[in-house]
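Notes to accompany the following structure.
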Number of protein chains: 2
Amino acid sequence: MSANSETEAKIIQAARDVFLHKGKAGARLQDIADVAGINKALLHYYFRSKDRLYEKVFKQIVNDFLGEFLDSFSTDEDFRKTLKSFIDKYLTALSKRPEIVRFVMWEIKEGGVFFAEQAHGMFASRGFETIPLISVIQKAVAEGRIRPVDPVQLTISIIGMCLYPFIAQPLLEKIIPGLEVQNDDFLSQRSNEIFDLIWQGVGVA
Amino acid sequence: MSANSETEAKIIQAARDVFLHKGKAGARLQDIADVAGINKALLHYYFRSKDRLYEKVFKQIVNDFLGEFLDSFSTDEDFRKTLKSFIDKYLTALSKRPEIVRFVMWEIKEGGVFFAEQAHGMFASRGFETIPLISVIQKAVAEGRIRPVDPVQLTISIIGMCLYPFIAQPLLEKIIPGLEVQNDDFLSQRSNEIFDLIWQGVGVA
DNA sequence: GTCTATACATCGATAGAC
DNA sequence: GTCTATCGATGTATAGAC
């Protein structure tokens, strides 16, 4: 391959770093050029505009993250195990790459079309019509393994409980002294609390 | 009073509208001036800079929202009722002003110092050292009214479950066909599902 | 393909007349 | 107090030499 694709790869990699930490609006083409070790003009030579470069990079980042996560847990086990596994794997994936939460947040602010398209495509390519967790819960309800809850509502609850600490991380760590969202102890404790809450609630026996 | 303070009030009101919908970075002083019916120069005359104007407006918005919410529910009732009341009032407040969620999100991205300060002050002025819900849960655990959960973890779970639909609104409505976060039916259903989940979980009797 | 230089637009902030 | 005009900085995008 020519020097051509090497440079393109360098640019993509640099763009990932910068966009991930600064967001689309906050990122400067100059920064990306500096990190890539080239100059601004080359960015426009390879990718016509900032928008196009961003779109390409965004889809790649979401694809990598969501793909790795979706393939990390199976849905054909016992529901109880699937649920615990989902929570664990999701929290782990988030704590490994917390910048992605902010990154997707920026996108949602703009309407979230890229993410929605990408996610839908990745679900479809794995045989799901919507968020896989919804289907899993639907099945568990149909088989009478859990009480008849609304699968969409429960899915929103689970995702919200896992995601919120990362979304509000700087805030929570300021308001609740001693709290460290990315701390291993906190995360394993969080995993257990979410699972227990879903499974048995707080009601006394 | 002189025309002086009238203009100032008009500016503040215009700034609230614009900052609320565009965020700090996205807002243009020109937009604010247009909405207020004056010109950019006057903005600098009354408030030295965009930063100062933003800080003033931000604190006002958070103060109004959080103040109204904090005063809308009492903590000295039965825990069960307090919990249900918290969820209801929180969801209602959020659905009435969903732009505030995005607005605070922008602030968190910048570190969230303003919000943390403001919230802490408002908790303190009402006799709480931290998030009131934490204290309420602490008491319920101490009195044996619920099983011994970690109050901080449960609080994060509750807030996450209430807040997440509004944070991810555009995304959820794209990925889950037919879902309308601000729809009354969805919200009352959501309130019940959150409460039931917390109270008894999904485990079969 | 890769560079330098620069055009073009936007925005916050200031100067100065009234 | 309020306006018009403009500065200065920054950022995307392009022209043109090599």
Side-chain angles (χ1 to χ4, degrees), chain A residues 1-61 102-103 106-107 109-111 113-114, chain B residues 1-61 102-103 106-107 109-111 113-114:
Chain A
M1 27 91 217
S2 55
N4 184 343
S5 50
E6 272 183 39
T7 305
E8 191 169 334
K10 272 199 302 182
I11 293 177
I12 293 254
Q13 183 53 46
R16 283 181 69 128
D17 288 355
V18 176
F19 277 131
L20 206 47
H21 290 93
K22 303 272 183 82
K24 181 183 172 180
R28 303 296 159 221
L29 293 185
Q30 187 63 61
D31 296 342
I32 296 176
D34 289 347
V35 173
I38 48 111
N39 57 64
K40 282 190 293 179
L42 260 193
L43 294 181
H44 290 89
Y45 176 78
Y46 280 99
F47 311 87
R48 277 173 45 78
S49 68
K50 185 183 184 180
D51 280 353
R52 286 173 183 271
L53 177 58
Y54 175 78
E55 185 173 340
K56 187 143 193 165
V57 166
F58 181 89
K59 292 192 171 166
Q60 211 178 87
I61 290 176
R102 260 190 325 170
F103 184 64
W106 278 315
E107 231 277 305
K109 194 188 72 189
E110 311 292 333
V113 275
F114 289 163
Chain B
M1 66 190 62
S2 56
N4 183 341
S5 49
E6 272 183 40
T7 305
E8 192 170 332
K10 272 199 302 183
I11 293 176
I12 293 255
Q13 183 53 47
R16 284 180 69 128
D17 288 355
V18 176
F19 278 131
L20 206 47
H21 291 93
K22 304 270 184 82
K24 180 181 173 182
R28 303 296 159 222
L29 292 186
Q30 187 62 60
D31 296 343
I32 297 176
D34 289 347
V35 173
I38 49 110
N39 57 64
K40 279 192 297 179
L42 261 193
L43 295 180
H44 290 90
Y45 177 78
Y46 281 98
F47 310 87
R48 279 174 44 78
S49 68
K50 186 183 183 181
D51 280 353
R52 285 173 183 270
L53 177 57
Y54 174 78
E55 185 173 343
K56 188 145 194 164
V57 166
F58 180 89
K59 291 192 173 167
Q60 214 179 82
I61 290 176
R102 261 189 323 169
F103 184 63
W106 280 315
E107 232 276 306
K109 194 188 69 187
E110 312 292 332
V113 276
F114 289 163

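Note on naming: letters A, B, ... go to the chains in the order of the sequence lines (proteins, then strands), and numbering restarts at 1 for each one.
- At a threshold of 4.0 angstrom between heavy atoms, the contacts of B:Ala27 are confined to the sugar-phosphate backbone, with no base atom among them.
- To the nearest 0.5 angstrom, B:Lys40 atom NZ is 11.0 Å from B:Arg28 atom CZ.
- Taking side-chain N and O atoms only, A:Thr7 has a distance below 4.0 Å to OP1 or OP2 of C:dT2.
- Here B:Ala25 lies out of heavy-atom contact (under 4.0 Å) with every strand.
- If you measure from atom CZ of B:Phe19 to atom C1' of C:dG12, you get 12 Å, rounded to the nearest angstrom.
- Heavy atoms of B:Ile38 sit under 4.0 angstrom from primed sugar atoms or phosphate atoms, though from no base atom.
- If you measure from atom CD of B:Gln30 to atom P of D:dT4, you get 10 Å, rounded to the nearest angstrom.
- D:dT10 atom C1' lies 15 Å from atom CG of B:Leu29, rounded to whole Å.
- When each of D:dA13, C:dA13, D:dC3 is scored by its nearest atom to the side-chain atoms of B:Leu42, the top-ranked nucleotide is D:dC3.
- Ring orientation note: the planes of B:Phe19 and B:Tyr54 are nearly perpendicular, at an angle over 60° on the 30°/60° scale.
- Taken from CG in B:Leu53 to CZ in B:Arg48, the straight-line distance is 13.0 Å, to the nearest 0.5 Å.
- Between D:dA13 and A:His44, a contact under 4.0 Å exists linking OP1 or OP2 to a side-chain N or O.
- Distance A:Glu8 CD to C:dT2 C1': 15 Å, rounded to the nearest Å.
- Note: NZ (A:Lys10) to C1' (C:dT2) measures 11 Å, nearest angstrom.
- For A:Tyr45, taking side-chain heavy atoms from C-beta onward, the closest of the listed nucleotides C:dT2, D:dC3, D:dT12 is C:dT2.
- Atoms CG (B:Asp34) and C1' (C:dC11) sit 13 Å apart, rounded to a whole Å.
- Of the side-chain N and O atoms in A:Asn39, none sit less than 4.0 angstrom from OP1 or OP2 of C:dT2.
- Within 6.0 Å of NZ in B:Lys59 there are more than 12 heavy atoms belonging to other residues, nucleotides or ligands.
- With DNA chain D read from its 5' end, the first of the two nearest nucleotides for A:Arg28 and A:Arg48 is the one closest to A:Arg28.
- Remark: aromatic rings of A:Phe58 and A:Phe103 are close, center separation under 6.0 Å.
- We find that NZ of B:Lys40 is positioned 15 Å from P of D:dG8, with the value rounded to whole Å.
- Taking atom OH of residue A:Tyr46 and atom C1' of nucleotide D:dT12, one finds them 20 Å apart after rounding to whole Å.
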